[in-house]
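Here is the structure we will look at.
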Amino acid sequence: MTHAPALEGLSQDSEPRHGPVKPGRPAALKRRRRRENLAGYLFMSPWIAGFLLLTAGPMIASLYFAFTDYNLFDAPQWIGFDNFSEMFGDPRWRHSVQVTLWYVAVGTPLKLIAALGVALLLAQSRRGQAFYRAAFYAPSLIGASVSVAIVWKAIFSDDAVVDRTQKIFGIDVGGWTGDPDMIIYSLVALTVWQFGAPMVIFLAGLKQVPRELYEAAEVDGAGKMRRFWNITLPMISPVLFFNVLLETIHSFQIFSSAYIVGGGAGGNACGPADGSMVYTCYLYVQGFENSRMGLASAMAWMLLVAVALVTAVLFWSQKRWVHYEEGAR
């Protein structure tokens, strides 16, 4: 009770010891946040403008053209689903789908096997390791160029390096680029040669595998193959999934190498007897050589849907074979 007089001067309107709260502070914070957001949007504006003008805008336009008869010169005329009906009934379109699926099913696994095999070799400490990494990665930088495709076509043509090498071993099948049945193999060889990018990703994943696991397995008597199947593959399965997803999407989009190796513009733009007529090559022929941009737009959207479905299947299947650390998914 002796402290009661000391409390008599305090009231509900008393201010805290650190001083009065400034009433304008929340408004100032809002203005500061608006300025920061505006600065962020200004820095992002080049990308936003590029996305709207070069990606989103053309995609919306192509979706409209897919339902029209459009030849790049006259005004588009609405025809509904006629482009899709014609596309499904076109035997060359079905052939391009078969060639593309074969290319994806064969080329992608071979490329990833080569990338993983070289990554396993480069993961070991050895002299000149940096040089070997750069040398194996270099084809990925130049492999998609037109110049390399031209050189590749020359290498696999009649009486060229590959043809002469085959004859040394008694194999006389001629040049691959002139054979409708062999030209697709030259494209597979080209994509396998460009294994550098997935190799680097595999190498980064292999560096993250704890050495203690291999040492414990070796003490238990596990051989190299058993350590590879039971330790290496499960530990790098997220990296493997990423490479499978990325390379599968890239394989569906192959164009420049198939177009150049196949012969370029003209009646054999997609290879002799359409031997290298992948989907995008036939899309280009319909859109720019036949001036049927409406049909080409419909084909492009079917490719987008197909890639989206394949991607969804891969994401669904990862639950069965991809092993993530707890909380890393």
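Heavy-atom basis, side chains included; hydrogens, waters and symmetry copies ignored.
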[Y] reachable from [X] in the ILVMFWY side-chain graph, under 4.5 Å edges:
X	Y	value
M299	M59	yes
Y324	L245	yes
F288	M87	yes
F51	L304	no
M225	L233	yes

Give a yes or no on whether the backbone of [Y] and the side-chain of [X] come within a donor-acceptor separation of less than 3.5 Å.
X	Y	result
D158	G175	yes
S140	G196	yes
D90	E86	no
R292	G287	no
D220	A222	no
Q129	Q124	yes
N83	A66	yes

With rounding to the nearest 0.5 angstrom, report the [atom1] to [atom2] distance, [X] to [Y].
X	Y	atom1	atom2	value
R35	N37	CZ	CG	11.0 Å
I155	I150	CD1	CD1	12.0 Å
L206	L122	CG	CG	10.0 Å
T191	H250	OG1	NE2	10.0 Å
L72	M293	CG	CE	4.0 Å
I60	T55	CD1	OG1	11.0 Å

Taking the six-membered ring for Trp and the full ring for Phe, Tyr or His, determine whether the centres of [X] and [Y] are under 6.0 Å apart.
X	Y	answer
F65	W301	no
F315	F241	yes
Y103	F252	no

Count the heavy atoms belonging to other residues, nucleotides or ligands that lie under 6.0 Å from [atom1] of [X], then report whether that count exceeds 12.
X	atom1	result
Y64	OH	yes
F255	CZ	yes
K207	NZ	yes
R211	CZ	yes
F88	CZ	yes
W321	CH2	yes
R94	CZ	yes
K224	NZ	no

So, for [X] and [Y], which heavy atoms are closest and what is the spacing to 0.1 Å?
X	Y	answer
D274	H95	O-NE2, 2.9 Å
G107	V192	O-CG2, 4.3 Å
A154	S157	O-OG, 2.8 Å
H323	S237	N-OG, 2.9 Å
D179	V173	OD2-O, 4.3 Å
M199	R133	CE-O, 4.0 Å

Exercise for review: Would you check, one step at a time, whether the test side chain to side chain contact (heavy atoms under 4.5 Å, CB included) holds for S186 with V261?
Suggested key: CA-CA 8 Å; S186 66; V261 175; 3.9 Å; yes
Compare all side-chain heavy atoms of [X] with those of [Y] and state whether any distance is below 4.5 angstrom.
X	Y	answer
I184	L187	yes
C270	V285	yes
I254	Y279	no
L116	F228	yes
W152	I260	no
F156	L190	no
T280	L303	yes
I183	P272	yes

Point to revise | Donor on one side chain, acceptor on other, Q286 and Y282, under 3.5 Å | key: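 Y282 and Q286 do have a side-chain donor-acceptor pair below 3.5 Å.
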Exercise for review: Would you please test L314 and Q318 for side chain to side chain contact (heavy atoms under 4.5 Å, CB included) and show each step?
Suggested key: CA-CA 6 Å; L314 289 175; Q318 71 165 332; over 6 Å; no
Point to revise | Whether Y284 and Y259 hold their rings parallel, tilted or perpendicular, with breakpoints at 30° and 60° | key: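 Judged by the thresholds at 30° and 60°, the geometry between Y284 and Y259 is perpendicular.
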**Study point:** Geometric class of the Y185/W102 ring pair [parallel <30°, tilted 30-60°, perpendicular >60°]
**Key:**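 Perpendicular.
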Exercise for review: Could you check L295 against W93 for side chain to side chain contact (heavy atoms under 4.5 Å, CB included), going step by step and ending with a plain yes or no?
Suggested key: CA-CA 11 Å; L295 179 59; W93 179 83; over 6 Å; no
Point to revise | CA sep, side-chain torsions, deciding dist, call: F202, L112, side chain to side chain contact (heavy atoms under 4.5 Å, CB included) | key: CA-CA 9 Å; F202 277 133; L112 293 178; 4.3 Å; yes
